[in-house]
Amino acid sequence: MKEIFTGIFKEGSKLFTLNKTAGKRVYGEELIQRNNKEYREWVPTRSKLAAAVLNGIKKIPINSDSKILYLGAASGTTVSHISDICTKGIIYAVEFSPRVIKNLNNLSKNRENIIPILANARIIKEISLLTSNINLIYQDIAQKDQVEILIRNANAFLKKEAFALLSLKAKSISSTDKVSEIYKKETEKLKKEFEIIEQMELDPYEKDHLFLVLKKK
Ligand SMILES: C[S@@+](CC[C@H](N)C(=O)[O-])C[C@H]1O[C@@H](n2cnc3c(N)ncnc32)[C@H](O)[C@@H]1O
């Protein structure tokens with residue numbers, strides 16, 4: 001088991017995080033024991049961050065004490081792995097579906113570094129009342145205005161030179177335009193607010209998704 005980034009491990013072709021709640025699975029993932037520690041497999045078809053790591057991303061700006069604003073948390077699959085990584089940090093996990101957030105609420109009962117927030121990521125006021133000192137935004141929201149949502153949140157929450165990770169879903173922006181044209185247009189918008197540190201497609205794990213590491217200007 002080799003630690004390839006803070007709290008992210010690789011053995012063979014599989015990724016793992018150290019299970020913060022030993023014995024408990026979150027989404028049916030494999031649990032394995034190594035040197036008296038329990039690791040959870042991080043499945044790249046279930047998490048775009050895992051897909052980006054396996055596709056060779058060079059920078060993951062997440063430390064053990066990161067304070068993360070996570071937009072589009074769903075039931076917490078990726079959030080749970082970030083919760084394994086930032087053991088001394090905090091994840092403000094925003095999700096606007098009352099049905100979906102129920103699983104996230106259950107997950108946070110055993111993981112004290114997850115704060116579920118039922119809110120619309122477009123409405124900064126709903127989020128800002130419940131968060132503080134954020135140093136990274138992670139966004140995975142399949143909406144037409146996903147770039148505008150990120151920019152609005154970054155302007156509200158990120159200091160200059162702080163990072164954002166964005167999973168951009170082309171087909172949510174347009175189901176008819178060429179994917180390469182969508183990427184071009186959306187990255188132009190991003191470049192006004194961020195330096196693009198890295199970008200990569202998530203094939204073969206996710207089709208028509210671009211994953212970006214961004215630094216606030
Ligand atoms: C692709 S899923 C996220 C999967 C999750 N990031 C993971 O890896 O485990 C996108 C989620 O974003 C949520 N969402 C979409 N628009 C939103 C908005 N404006 N505010 C908050 N959540 C939103 C959806 O309800 C959905 O659960």
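Atoms within each ligand, like the ligands themselves, are counted from 1 in listed order. Numbers for residues simply follow the sequence, beginning at 1. These numbers come from the heavy atoms of this one structure, side chains and all, not from hydrogens, waters or symmetry mates.
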**Message:** Which Ile, Leu, Val, Met, Phe, Trp or Tyr residues join L18 in one cluster when any pair of side-chain heavy atoms under 4.5 Å counts as a link?
**Reply:**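 L18 shares its hydrophobic cluster with M1, F9, F16, I32, Y39.
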**Item:** Side-chain ion pair, K191 and E188, N-O less than 4.0 Å
**Value:**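 A salt bridge links K191 with E188.
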**Prompt:** If you measure from the Lys or Arg side-chain nitrogens to the Asp or Glu carboxylate oxygens, is any gap between D208 and K169 under 4.0 Å?
**Reply:**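 Not counted as a salt bridge, because no side-chain N and carboxylate O are separated by less than 4.0 Å.
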**Item:** Spatial distance of atom CD1 (I68) from atom CD1 (I62) [nearest 0.5 Å]
**Value:**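 If we round to the nearest 0.5 Å, I68:CD1 and I62:CD1 are 4.5 Å apart.
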**Request:** Quick one, list the residues around ligand 1 where some non-hydrogen atom comes in under 4.0 Å, by chain and residue number.
**Result:**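 Only K48, Y70, G72, A73, A74, T77, T78, E95, F96, A119, N120, A121, R122, D140, I141, Q143 have heavy atoms that fall under 4.0 Å of ligand 1, ordered by chain and number.
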**Request:** Could I get the full list of side chain to side chain contact (heavy atoms under 4.5 Å, CB included) partners for K207, not counting sequence neighbours?
**Result:**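 Here the qualifying residues are D203.
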**Message:** Among residues at least two apart in sequence or on other chains, which ones pass salt bridge (Lys or Arg N to Asp or Glu O under 4.0 Å) with E38?
**Reply:**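 So E38 forms no salt bridge (Lys or Arg N to Asp or Glu O under 4.0 Å) with any residue.
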